[in-house]
Amino acid sequence: MIDVTVAQLFRDSAAYLGKSVRLKGWVRTRRDSKAGISFIQLSDGSCFDSAQVVVANTVANYASEIQRLTASCAVIAEGEVVASQGKGQSVELQASKVEVVGWVEDPDSYPIQPKPHSFEYLREVAHLRPRTNTFGAIGRVRHCLAMAVHQFFNDRGFCWIHTPIITGNDCEGAGQMFRVSTLDLANIPKTPEGKVDFSQDFFGREAHLTVSGQLNVETWCAALSKVYTFGPTFRAENSNTSRHLSEFWMIEPEIAFASLVEDAQLAEDLLKFMFKALLNERGDDLKFFAERIDKECITRLEKLVEAPFERMNYTDGIAHLEAAIAKGHKFEYPVSWGTDLQSEHERYLTEQLVGRPVILMNYPKDIKAFYMRMNDDGKTVAAMDILAPGIGEIVGGSQREERLDMLDKRIDEMKLDRNAYWWYRDLRRYGTVPHAGFGLGFERAIVYATGMANIRDVIPFARTPKSCEF
RNA sequence: UCCCUCGUAGCUCAAUUGGUAGAGCGGGCGGCUGUUAACCGCCAGGUCACUGGUUCAAGUCCAGUCGGGGGAGCCA
């Protein structure tokens, strides 16, 4: 008797023919034949497909238990692997014994049924949705992409740096932060001036959840040369869209002795590596997404992997948009050099003009962060965004300002406090070096790969404003 | 936060100008079949999101509240 997963059974079906094996999993459906046979679709999550377990009425608990099995009952099935007499599967398990490990109480109201459910509904039963086809596939795709990220960087000599989740910087500059505190909310200590006395808080100062590991990872970049972070990130913005989460995962590489050109190439190489791995390893799940979620998803990935990304200066992007307007294309918002692109503008460039991902580079300094490197024209900074059809911005990055005088100038211009950045500024005082990096939204990459419409459905437990039930 | 939209059985949805609340799936029982989202018959299952109002009469009209979704902004 050998323990096998469904994935192993189908991958090496010829080798298992005639062998006695044990499968463990959950019932998807049960079909009865009153001639004395029941068919159980058994899923263990190891691959997209479920296995067919054939149970004859000669099995001891056939009438007492097998015929009472409903969706999601947990069972252990033992028997011989035989060639299937039916269509739909190459092999099946001819059961000699089926042990019911866990029943479903009140099958009448069990929330997951063998039929399509709306994703909105499934979010309300997030603890049970992994048992559906779609979310099982999401789980495996997510894992595959995460492993590909680590393999990509490891192959290229990067070190994975575990940047902190809790940060004492209230100056990371990427948006609203969640406060971390152990103060008694009903009895908050105050200073003589009437302000909250954070010196009595856990860390003796204000603390928040990180909105980016970039500033921290730059310190390790200035010693290990090639580094990256891959971890959770938190934004307390009141964003209610299909592209935003309050807690999401981000990949942030940082490379020393590098410019924006190498940075953009790294981002392109990473995305292509991730999606190649997905095409190679999760064909079963992608096939499902192509059939049920988004017809284009496989061809879109194949196209992305093959063709070079389009590179375009911000200034040229504006020119393209103005040309489109001249030809009669209507945008809701006006286009002019110096303003940030609206969603509709990004969509036009990547979806209509190019039809592939676009790397937009060298943005006006006034719409970008203080740490981005000033270009020689004095008007633009060495920033880049990668815009992807269907989701918009998937990567945001830049070459960092490595010259202390220029960095200080930008900190002052943006009315930030130099002292708050003392250790970040130290990096420019002690062996500074040109360096660059970017942030890749992990869930946005999954959305792109699968064609799932809402980012809340590509993370196991979505955190969004007014939503933290599970 | 702003704009739009939706809320009816366990789930997916229907219910005409305001006039007794319906189907499919799922569940139970029975039938049939090496079945494939199986099929056929019967049965059970509803505070029509909540609160108030208009009306002889409200799932339907009005107001408010709560919740879901889409779009925008912010960004990844």
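Just so it is clear, the model here is predicted, and its values are computed rather than measured. Protein chains get the first letters and strands the later ones, always in sequence-line order, with residue 1 at the start of each.
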Closest to the side chain of A:Gln113, out of B:G69, B:G10, B:G28, is B:G10
Tell me which nucleotide, if any, is Watson-Crick or G-U wobble paired with B:C66 when both distances must be under 3.5 Å. B:G7
For B:A58, which nucleotide is its Watson-Crick or G-U wobble mate, given both distances must be under 3.5 Å? none
State whether A:Thr70 places a side-chain N or O below 4.0 Å from either non-bridging phosphate oxygen (OP1 or OP2) of B:G26. no
Any salt bridge linking A:Glu206 with A:Arg179? Criterion: basic side-chain nitrogen under 4.0 Å from a carboxylate oxygen. yes
I'd like to check, for A:Tyr110, whether its ring lies over the base of B:G10 with centroids under 5.5 Å apart and a plane angle smaller than 30°. no
Remember a base hit wins even if backbone is also touched, and classify A:Ile251 as base, sugar-phosphate or nothing at under 4.0 Å, heavy atoms. nothing
Indicate for each nucleotide in nucleotides 32-37 of chain B, in 5' to 3' sequence, whether protein heavy atoms under 4.0 Å reach the base (B), only the sugar-phosphate (S), or nothing (-). BBBBBB
Counting only side-chain nitrogens and oxygens, does A:Asn454 get under 4.0 Å of the OP1 or OP2 atom of B:G70? yes
Begin with the C-alpha distance, continue with both residues' side-chain angles, and end with the deciding distance and a verdict on ring-ring contact (aromatic ring centres under 6.0 Å, His included) for A:Phe152 and A:His150. CA-CA 5 Å; A:Phe152 173 86; A:His150 288 305; over 10 Å; no
Expected list for residues 56-63 of chain A: side-chain donor-acceptor pairs under 3.5 angstrom, two or more places apart:
{"residue": "A:Asn61", "atom": "ND2", "partner": "A:Glu65", "partner atom": "OE1", "Å": "2.9"}
{"residue": "A:Asn61", "atom": "ND2", "partner": "A:Val98", "partner atom": "O", "Å": "2.8"}
{"residue": "A:Tyr62", "atom": "OH", "partner": "A:Ser38", "partner atom": "OG", "Å": "2.9"}

What does A:Thr233 touch in the nucleic acid at a heavy-atom separation under 4.0 angstrom: a base, only the sugar-phosphate, or nothing? nothing
Nearest-neighbour nucleotide for the A:Thr241 side chain, B:G70, B:C74, B:A76 considered: B:C74
Would you measure the distance from the C1' atom in B:C2 across to the matching atom in B:U20 and give it in whole Å? 44 Å
If pairing requires Watson-Crick or G-U wobble contacts with both distances under 3.5 Å, which nucleotide is the partner of B:C43? B:G27
